[in-house]
Amino acid sequence: MHLWSTLDPVVGAALVMLLALMAYAVLAGADFGGGIWDLLATGPRQEQHRQAIARAMGPVWEANHVWLIFVIVILFTVFPTGYRALGIAFFGLFHLVLIGIVLRGAAFAFRAAASGESRQWRLWSPVFGASSAVTPFLLGLAAAAVSGGGIRVLPGGTVQVDPILTWYSPVSILMGLLTTAMCAYLAAVFLTVETRGEVQEDFRRRALWSGAVMGLLAAALLPLLPAAMPHLWEHLTRPAPAPILLGGAALALLSAAAIYTRRYLLGRAAAVAQVVVLLSGWAVGQWPYLIYPDITFHGAAAAGPSIRFLLQTLPFGLLVLLPSLWLLFRVFKAEVR
Amino acid sequence: MSHLDAARFQMAYSLFFHMIFAALGVGMPALLAAAEYLHLRTKDPQYLRLAGTWARATAVLFAIGAVSGTGIAFELGLLWPEFMHFAGSTIGPAFTLEGYAFFTEAIFIGLYLYGRDRMRPVAHWLTSVAVAVSGAASSVLVTAANAWMQNPVGIETLRSHPEALSPWVVFTNPHWPIMALHSTLACYAATGFAVSGVYAWGMLRGRTDSLRQKALQIAVIMGLLAAVTMPLTGDVSAKVVARHQPEKLAAMEALFVTRTRAPLLIGGLPDQETGKVCCGVELPGLLSFLAYGALDAEVMGLDQVPRDEWPNLPLVHLSFQLMVGAGLAMVLVGLYYAWVRWRRPADVARDRRLLWLLVIAAPMGYLALEAGWIVAEAGRQPWTIWKAMLTADAVTPSGGMDPSVAGFTALYAALAVALVLLLRRLRHE
Ligand code: HDD
Ligand code: HEM
Ligand code: HEM
């Protein structure tokens, strides 16, 4: 309690936003990944794969999606300057993200209303899959631009975007692919817990493959970081945060090893921890910038007391939210069938 | 289209689209909760079948509501970054609380839709109640943000000492309670009449079994109860508008000249150039009475408003006429149903005149709802924040508006078509 009241409110709000972003990355990330595996489903059991994905996502995807709304609301309530700059800079990119989000949700719901193997199911499946694959890629591009100086905000407020740093640079493309691979990995790992028999073996193999792809992408990205994101890199290699990077790598190995040895619950826990650590590393590297190099969290914060509003209402909101979420996941995710 | 008009079009189009599903997201859970409750009370399995079919429709509609709402949350920043920069922290508290309501709604809709076999019946019914309550709460809370744009309380403090502005200011707005009430009740009216129209249409085509009669009954009751409150809450809304936005009232009524004993205009097409109204009927003194409670009160006309600050008069006036007209029509049709149901209950499913009237009334709630929002939103122009920020100053400097407008128009139109095709195939199992 004491810690809570002495905390710099800007730091507090940024932390809340980071936690919501983590929840979105882990939960909705896995839902995007489900769409990717739906798109890539091949082999004799592809319909079983699709059904398993639909079953796992059905009850929870809308709740998982709300974490994104939460991030956006915090952004414009507490950091309106940042929201403005992102809105102007990402006019095209976020519109594409939106189309992806709308199509993904609509296609999933349309498909779910039909029976498997109907025409409707076959029509909407690829839409669901493709939009699930493209949206995280675009979000990865956005993250790269935010960290790599792709957005400049001039003193008068004029916002400039560097299209190369946002769209075409190797770093941004690798970040996009890494985000997509992370979603696929999370989904495959989660699905090993929620399936049985041969389907489970299939998702185990998919988890290992996508984990390997993720590792390769990370290995390709790492050498580029010092030049592309000097600020981030400098922070990450300072002694204090360096353990974050190493910890993330260790967790990645742990989750892969657990999946390999069919310890799926452990694999799932380690994969979640891995994403959490990855995002923490990103956040630590990013701090104090909301948008590197012109907008800091403190500079973007609203002058008004909306920050305190967010922090003070949070406990009450969580009082409603956490038991409800607990119920949702207990009812649908507790027993393994 | 100019840059600004394109942005306004995209915002309006997205909000219209969202509102269709948002209203169902408020209304359908209430119908579901009612059907589940009746099943618990009477043990009549037909109510359970009803709830099951409605739930399948709601699952799809709710998903479209959620993604289109996300669209709006993004578009506020993509299209109106300067508005959000200035006002985001002030209206943010409304959205923050709404966020918790959304969360609750999304969690419990998952539990409700997929949890029937995993919960005891009473617990399952309670999840539908939770969805209904949080849906209504979302609607009430989001209108606080809009009401602040209509009547920006604390704007002076926001400009001069933003750090001193209370975060609760958005909820201290006298414009908000009536707006929240009127527009949330509108969701029940729209849903109720839309659903009853579907069943009336089925009955005209011979599907008259008792299951469908029960469905019709529940839907009309909800629609009628809400519809009778609309003229009452609407009257209070008009008084609030008269107080805070007399310019808007003048546009709604196409009142060109300030006068006492101002007439209420029924129908009519205002001409912005000549300042004349063609083809309308005037009821002397009634506008003065409705706005201020006295037949000879003075009502401000458009002559007091600089010409470049007029909203689109024909649009605002005709939308107002449409809302009021559709609202009264719904009340009449609903009362007629009640009368038939009371005097000749056996005839409900056979009375073709009643059924046709219900079919005609089916879109009325939605027409009134969307028209009402045009009154509120187009009537607020050229201001995004009333008398504080011009829409032209709120718009994004980004280029690329044309492709985004074209893309969203096509996207939502395609989704609407797909959805209609899908719902047409939905049947009671
Ligand atoms: C089923 C829908 C419906 C029906 C039947 C009515 N309304 Fe309405 N009205 C709305 C749905 C609506 C709305 C869409 O929900 C609005 C838009 C903004 C708001 O707060 O509610 C609205 C706004 C609105 C406003 C403007 C408020 C503002 O700008 O802040 C007024 C003056 C009225 N209404 C008055 C009436 C009257 C006198 C009615 C008499 C029958 C009526 N409405 C029926
Ligand atoms: C009076 C106008 C509005 C009403 C009554 C309303 C109501 C609702 C309701 C009931 C839902 C739940 C989903 C559904 O039922 O389909 C919803 C979803 C949503 N709305 Fe609106 N809304 C309104 C306007 C807005 C505006 C202006 C925004 C802009 C930020 C917005 C943002 C959202 C978002 C982000 C969601 C998705 C939440 C989720 O994922 O569950 N809404 N709205
Ligand atoms: C859901 C029901 C709503 C509908 C159908 C609706 C309709 C519209 C329309 C027609 C416009 C364009 C006005 C014009 O340019 O002539 C508009 C603009 C706008 N509305 Fe709403 N509105 C709704 C609710 C809301 C709510 C709850 C908010 C709260 C934040 C909101 C915020 C805005 C903003 C920011 C604009 C753009 C700026 C402007 O045109 O002034 N709307 N809306």
Side-chain angles (χ1 to χ4, degrees), chain A residues 58-63 65-66 68-70 72-78 80-81 83-92 94-95 97-99 101-106 108-110 112-114 120 124 158-159 302-306 308-310 313 316-317 320-321 324-325 327-328 331-332, chain B residues 56 59-60 62-64 66-71 73-78 81-82 84-86 88-90 92-93 95-100 102-104 106-111 113-115 118-119 130 158 162-163 165-168 396-400 404 407-408 411 415 418-419 422 426:
Chain A
V60 294
W61 74 271
E62 274 170 321
H65 171 80
V66 182
L68 175 66
I69 318 281
F70 218 60
I72 298 174
V73 169
I74 298 174
L75 193 61
F76 70 63
T77 305
V78 181
T81 310
Y83 185 62
R84 168 187 179 273
L86 292 177
I88 296 174
F90 289 152
F91 185 83
F94 277 175
H95 267 103
V97 167
L98 257 189
I99 293 180
I101 287 176
V102 169
L103 276 181
R104 195 276 300 234
F108 183 78
F110 286 172
Q120 199 179 323
W124 289 107
T158 310
V159 178
S306 61
R308 264 183 288 128
F309 180 89
L310 173 76
T313 52
F316 300 96
V320 179
L321 205 61
S324 312
L325 277 173
L327 186 68
L328 180 74
V331 167
F332 293 111
Chain B
R56 276 187 293 142
V60 183
F62 194 88
I64 308 292
V67 291
S68 62
T70 312
F74 271 93
E75 281 167 305
L76 285 176
L78 293 175
E82 308 300 346
M84 292 308 280
H85 186 215
F86 176 64
S89 67
T90 309
F95 286 106
T96 308
L97 298 190
E98 196 203 15
Y100 293 117
F102 280 155
F103 238 131
T104 319
I107 291 169
F108 282 97
I109 195 106
L111 282 164
L113 292 175
Y114 293 85
R118 294 163 186 250
M119 269 182 261
L158 177 62
E163 68 288 349
L165 191 67
S166 156
W168 296 96
T396 181
S398 296
S404 83
F408 270 77
L411 175 67
L415 290 186
L419 190 70
L422 192 151
L426 195 71

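Per chain, numbering begins at 1; letters A, B, ... match sequence-line order.
Ranked by heavy-atom pairs under 4.5 Å with chain A, the first of B:Gly115, B:Gly99, B:Pro93 is B:Pro93. Heavy-atom pairs under 4.5 Å with chain A were tallied for B:Leu158, B:Thr90, B:Leu419; the largest tally goes to B:Leu419. Each of A:Ala89, A:Gly87, A:Ala113 has some count of heavy-atom pairs under 4.5 Å with chain B, and the biggest count is that of A:Gly87. When the candidates B:Thr104, B:Ile109, B:Leu113, B:Leu165 are compared by the number of heavy-atom contacts under 4.5 Å with chain A, B:Leu165 comes out ahead. Across A:Thr313, A:Val97, A:Leu103, the residue that shares the most heavy-atom pairs under 4.5 angstrom with chain B is A:Thr313.
Side-chain rings of A:Phe316 and B:Tyr100 stay apart, their centers remaining 6.0 Å or farther from each other.
Contact annotation for A:Val102: both backbone and side-chain heavy atoms come within less than 4.5 Å of a heavy atom of chain B. At a 4.5 Å heavy-atom cutoff, A:Leu75 makes no contact with chain B through either its backbone or its side chain. Only the side chain of B:Leu411 comes within contact range of chain A, judged by heavy atoms closer than 4.5 Å. For a residue to count as touching a neighbouring chain, one of its non-hydrogen atoms must lie under 4.5 Å from one of that chain's; by this rule A:Ile72 touches chain B with the side chain only. Heavy-atom distances place the side chain of B:Phe408, and not its backbone, under 4.5 Å from chain A. When heavy atoms are compared at a cutoff of 4.5 Å, B:Thr396 approaches chain A solely by way of its side chain, counted from C-beta outward. With a 4.5 Å cut-off on non-hydrogen atoms, A:Ile74 does not touch chain B at all. Contact of A:Phe110 with chain B is made through backbone and side chain together, with heavy-atom distances under 4.5 Å. No part of A:Val60 comes within reach of chain B, as not one of its non-hydrogen atoms sits under 4.5 angstrom from that chain.
A:Trp61 and B:Ala63 make their closest contact through CZ2-CB, 3.8 Å (heavy atoms, listed as atom of the first residue, atom of the second, distance). A:Ala63 and B:Ile107 get closest at one heavy-atom pair: CB-CG1, 3.8 Å. When every heavy atom of B:Ser404 is checked against every heavy atom of A:Phe91, the shortest pair comes out as OG-CZ, 3.8 Å. Here the shortest heavy-atom pairing between B:Gly92 and A:Val73 reads O-CG1, 4.4 Å. Smallest separation of non-hydrogen atoms from A:Ala106 and B:Leu415: CB-CD2, 3.8 Å.
A:Ile101 contributes atom CD1, which lies 12.0 Å from atom OG of B:Ser68 (distance to the nearest 0.5 angstrom). With values rounded to the nearest 0.5 angstrom, A:Phe309 atom CZ is found 12.0 Å from B:Ser89 atom OG. With rounding to the nearest 0.5 angstrom, the CD atom of A:Glu62 is 14.5 Å from the CZ atom of B:Phe108. Taking CG of B:Leu97 as the start and CG of A:Leu310 as the end, the distance is 10.0 Å to the nearest 0.5 Å.
Of the possible polar contacts, none joining the A:Tyr83 side chain to the B:Met84 backbone as a donor-acceptor pair under 3.5 Å is found. In this structure, B:Arg118 contributes its side chain and A:Val331 its backbone to a donor-acceptor pair below 3.5 Å.
Every residue two or more places apart in sequence or in another chain was checked for a side-chain hydrogen bond (donor to acceptor under 3.5 Å, both in side chains) with A:Ser324, and none qualifies.
When side chains are defined from C-beta on, A:Val320 does not count as touching B:Phe103, because their heavy atoms never get closer than 4.5 Å. No side-chain heavy atom of B:Phe95 sits less than 4.5 Å from a side-chain heavy atom of A:Ile69.
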Original post:
Would A:Leu68 and B:Phe74 satisfy side chain to side chain contact (heavy atoms under 4.5 Å, CB included), going step by step from the backbone distance to the final call?
Top reply: CA-CA 10 Å; A:Leu68 175 66; B:Phe74 271 93; 4.0 Å; yes
Subject >> Test log, rule side chain to side chain contact (heavy atoms under 4.5 Å, CB included), inputs A:Arg104 and B:Val67 >> reply: CA-CA 9 Å; A:Arg104 195 276 300 234; B:Val67 291; over 6 Å; no
